[in-house]
Amino acid sequence: MNKSKSLVERDRNHLWHPLTQHQTAPPPLAITKAKGALIWDECGNSYIDGIGSWYTAMYGHANEHIINAMTNQMKQLDFVMFSGFTHAPAIELSERLLDILPSNQSRIFFNDNGSTAIEAGIKMALQYHFNRGEKRDTLIAFEDGFHGDTFGAMSASGLSSYNGPFEDFLLKVERIPVPKEDSIADVVKILEEILAANSCAAFVFEPLVQGAAGMKFHSAEGLDLLLKKCQENGVICIADEIMTGFGKTGKNFASEYLNAEPDIICLSKALTAGMFPLSITSCAEHLFEAFLSDEVSKGFFHAHTFSAHPIGCAAALAGLDLLNSEEILQRRSAIANAHINFVHQVIDHPKVKDARSKGVILAIDLDITISRYGKTRDELYQFFMKRGVNLRPLGNAIYVLPPYVITDSELNKIYNAILELLEA
Ligand SMILES: *Cc1c(COP(=O)(O)O)cnc(C)c1O
């Protein structure tokens, strides 16, 4: 160890970063401090966290209310395993989540990150059919969906540009396009054909907004029809609200835009306000009931060591205090309105192919093709970082998904950086 070297130099010796080709990638930036919507590097430069650190830190970094709740919890009960034991933070969190989740949801299963929430949801759906004496072996998922990087979640993900080495090992999945206003009937037809030709167990989908695909939106009315068709055929509908959950789309959950209710809902990311890795897989009572039996083996034998970590539950509870507080609601609607105005401002720009917003999610597709992890994408990233703004373009999509606590002037700084790019 040589503490006289910078963090970046020491990083290079021993660390292996995610989503990185180490042969060619520029070194990462060492971040030493975060507060509100800002992060600081080891040289003292500040950056506006325009995507809320992958849409987790929605109440701002180092939020005092959340820190206090976690600190108090840590002093009271730091951790205990969740098999054979239970604790107040998990119980209270289940009650408060079920108060705001769609009304059919009745059970909360705890995991420790987004991928494992999806993994648990898929296994629940497969075992649900198995316990009822049915062998169903096919998943349905959207093209270009993203659900995580563990095997089940990776199988459901259609964004598989780098999944080549694993393709022979994935679950069986049939893919459908997302329904757009003018393609609903076509997509329903494709779904009907898949349902007729396969033994479908579950439909896994990101409701209304496909995040990793580049903040692509689809029709709520269309999605509603797909859910109804699936449910008529006994297919378990799994809503991946890991990105959309906790107010991003304007409502607490994107599922609230639907009439049909998902059978299973997965939450993580903003669940703990970016403070702790935790996730939940909630389900409707009929799923839970299919696991009740005198036979032990019909139970759900799936666990993670850190399931329902009390400190994570405390962070989530404190986050729920803030989600619909007057101050945060006011900021959520201010950001949503500012986004709408900005979309109007740029939509006719010759370099803009599409601009759209929903709630606090803003996306601008540039009228050029950019590969996901290529050189042009890195140049875009650097363009914004040089202006003190952290945005991570997804291909040709520049998106903004700021912490709710971002100030108007910080938000304008992001917009101005995008305008400068369009003029450059
Ligand atoms: C981030 C994300 C995941 C995966 O969560 P991890 O915690 O990174 O495993 C799954 N689905 C969606 C929609 C996500 O945004």
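None of these values were measured; they are calculated from a predicted model. Both counts, for ligands and for their atoms, begin at 1 and track the order of listing. Starting from 1, each residue takes its place in the sequence as its number.
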**OP:** To the nearest 0.5 angstrom, please state how far the CG atom of Leu171 sits from the CZ atom of Phe151.
**Re:** 9.5 Å
**OP:** Check whether any side-chain N or O of Ser106 sits under 3.5 Å from a backbone N or O of Glu285 as a donor-acceptor pair, and report yes or no.
**Re:** yes
Subject >> Which residue and heavy atom of the protein sit nearest atom 5 (O) of ligand 1, plus the separation >> reply: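 I find the closest protein heavy atom is Gly114 CA, 3.2 Å.
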Subject >> Any N or O of Ser268 closer than 3.5 Å to N or O of ligand 1 >> reply: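 The answer is no, given that Ser268 and ligand 1 share no N or O pair closer than 3.5 Å.
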Subject >> Test: Lys189 and Glu193 ion pair at under 4.0 Å >> reply: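 Salt bridge present between Lys189 and Glu193.
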Subject >> Pairing of Arg96 and Asp321 as salt bridge, 4.0 angstrom limit >> reply: yes
Subject >> Closest to atom 1 (C) of ligand 1 (judged by heavy-atom distance), picking from Lys269, Gln210, Met243 >> reply: Lys269
Original post:
At the 4.0 Å heavy-atom cut-off, does Asp240 count as touching ligand 1?
Top reply: yes
Original post:
Is it the case that Lys251 places NZ or CZ above or below the six-membered ring of Tyr257, under 6.0 angstrom from the centre and within 45 degrees of the axis?
Top reply: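 Yes, Lys251 sits over the ring of Tyr257.
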Numbering as shown, the atoms of ligand 1 that approach [X] to under 4.0 Å (heavy-atom distance):
X	value
Asn113	7 (O), 9 (O)
Ser115	4 (C), 5 (O), 6 (P), 9 (O)
Phe146	2 (C), 3 (C), 11 (N), 12 (C), 13 (C)

Original post:
If we ignore angles and hydrogens, is there a donor and acceptor under 3.5 Å between the side chains of Thr244 and Glu206?
Top reply: no
Original post:
Side chain or backbone of Glu206 under 4.0 Å from ligand 1, or both, or neither, by non-hydrogen atoms?
Top reply: side chain
